[in-house]
Number of protein chains: 2
Amino acid sequence: MCVIISLTEENYLKAIYTLSHLFEESEVSTNQISDHLNNKAATVTDMLKRLAEKKLIHYIPYQGVKLTEKGRQTAIKVIRKHRLWEVFLVDKLQFKWDEVHEIAEQLEHINSDELIQRLDKFLGKPKFDPHGDPIPDANGLLNIVKALPLNQHKAKGNFTFVGVCEHSKTFLQHLTSIGLKIGDVIKVEEVNEFDNSFKVKINKNNSQFFSNKVASSILVEVKK
Amino acid sequence: MCVIISLTEENYLKAIYTLSHLFEESEVSTNQISDHLNNKAATVTDMLKRLAEKKLIHYIPYQGVKLTEKGRQTAIKVIRKHRLWEVFLVDKLQFKWDEVHEIAEQLEHINSDELIQRLDKFLGKPKFDPHGDPIPDANGLLNIVKALPLNQHKAKGNFTFVGVCEHSKTFLQHLTSIGLKIGDVIKVEEVNEFDNSFKVKINKNNSQFFSNKVASSILVEVKK
DNA sequence: GGTATAATTTAGACTAGTCTAAAAATTTGT
DNA sequence: ACAAATTTTTAGACTAGTCTAAATTATACC
Ligand SMILES: [Mn+2]
Ligand SMILES: [Mn+2]
Ligand SMILES: [Mn+2]
Ligand SMILES: [Mn+2]
């Protein structure tokens, strides 16, 4: 009970959580973590030993790591805080969706359960952050997003834009510049076999093209 | 330009700023800082050398320290953030005034000028925090509070309660329990020479007594 | 003015978190 | 199956921030 978890340790746990879901594998490797956090592999190994010591991860040398239940809960809580603060920044302070990630990276480490509970209520208990990512609830339960990237639905029809799988500032700004935001309806008029580009209409406006790169980075659901 | 100032360094600068104003002396001693931050004097000496190296303080061994202009600006900015976040916590999240200090101690280190500017606007550019302390403006200018503790006005009459000079949780809770909040009118009906206690009415309610300890910890202005 | 006391600094050590270089283990390819 | 390539760990070093104990400087008092 009540082991203190440092900011650095929180970031490692979050990285392990994210990577294990990114690659659909339960074991995460040392190099994956070192790439993700821009640290050297030797540094990661040191930290993995400390996290294992604290019972936050299962670690077998050379075999990779996975989170313990305690580690998972800690990671989820950091993600909950990150996403709630992003909602605050966009909804209450009128930041753009491409401006909030760096600030949320700092705010996610503020330690106060009461604060998060009240912030959640103040924001109207949102279910999704400004990028369409689901916000874990107070018990650590997370809606799994069943949406797929647009390019995996190789069919004409109407889709709803529900999130991004690429979070870079430049990509988010690009979506803004083509006038696409969460909740918009995308009508696929043609799928171009040659380069896998998509001819689409956004909310019944004029037609435009999505490159395969764009189509593979936006998550959509079939419109009901 | 653009020297990175760590969270720890920010706390030292804030401590030096606070202590120099608390004792009305420009030079702050090593022991004062070590008491204030609950660090050992040797630790403080180490840090003072680092802060001097970064041109944030003027430091002459054995003589005490004072802030440079750059150090003062940094300290003021941290105080501005602390007090703005306290306003946010009380006004927007409905925290009580005795619950916000610890959380603001964390939030004051979040580093984003844009965030503070937008938070300030969102809160309606408040001039005072929930404890009546003035909030420095974006240029680092601070209204000096000219209010005195009630016990220094040894006279009957009407006063306005504008702030506290004691910030402990128990004291703030005590004021709440006797029904006193910022802005209330305090009518002094008697000053008791024997123990320097005060017979007062708050907002024309029933009379009660303030001990000298209470009277010396609340800041009031003569009611206009 | 000289000594006792208090304040401050120095010296040396420790932890968390990082690095580079080298060693060891694992995986890959023939 | 074994050598080469890759991954991971170990060893040793560094910085920031902290400590204790000892040395030094300042101050207070007679
Ligand atoms: Mn983010
Ligand atoms: Mn997000
Ligand atoms: Mn405070
Ligand atoms: Mn305050």
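To find a chain, count down the sequence lines: A is the first, B the second, and so on, and within it residues start at 1.
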Do the side-chain N or O atoms of [X] get closer than 4.0 angstrom to the phosphate oxygens (OP1, OP2) of [N]?
X	N	value
B/Y12	D/dA16	no
B/S6	D/dG17	yes
A/K49	D/dT10	yes
B/T8	D/dA16	no
A/T43	C/dT18	no
A/R50	C/dA16	no

Interatomic distance where [atom1] belongs to [X] and [atom2] belongs to [N] [whole Å]:
X	N	atom1	atom2	value
A/E27	C/dT26	CD	P	14 Å
A/E10	C/dG17	CD	P	11 Å
B/I60	D/dT24	CD1	C1'	18 Å
A/L7	C/dA16	CG	P	15 Å
A/N39	C/dT20	CG	P	11 Å
A/K40	D/dT15	NZ	C1'	18 Å
A/Y59	D/dT8	OH	C1'	7 Å
A/M47	D/dT9	CE	C1'	16 Å

Practice prompt. Please confirm whether the backbone N or O of B/L141 pairs with a side-chain atom of B/N139, one donor and one acceptor, at under 3.5 Å?
Written response: no

Worksheet item: Touch check for B/T45, heavy atoms < 4.0 angstrom, all strands: base, sugar-phosphate only, or nothing?
Response: base

Fill in: side-chain contact (heavy atoms from CB on, under 4.5 Å), paired with A/V65, selected from A/I60, A/L19, A/I57
A/I57

Worksheet item: Parallel, tilted or perpendicular: which fits the ring planes of B/F161 and B/W97, with parallel below 30° and perpendicular above 60°?
Response: perpendicular

Worksheet entry | A/E9 with A/K54: basic N within carboxylate O range, under 4.0 Å | yes

Fill in: Within 45° cone of B/F95 ring axis and under 6.0 Å: A/R118 NZ or CZ
yes

Worksheet item: Which residue lies toward the 5' end of DNA chain C, A/Y62 or A/D46, if each is placed at its nearest nucleotide?
Response: A/D46

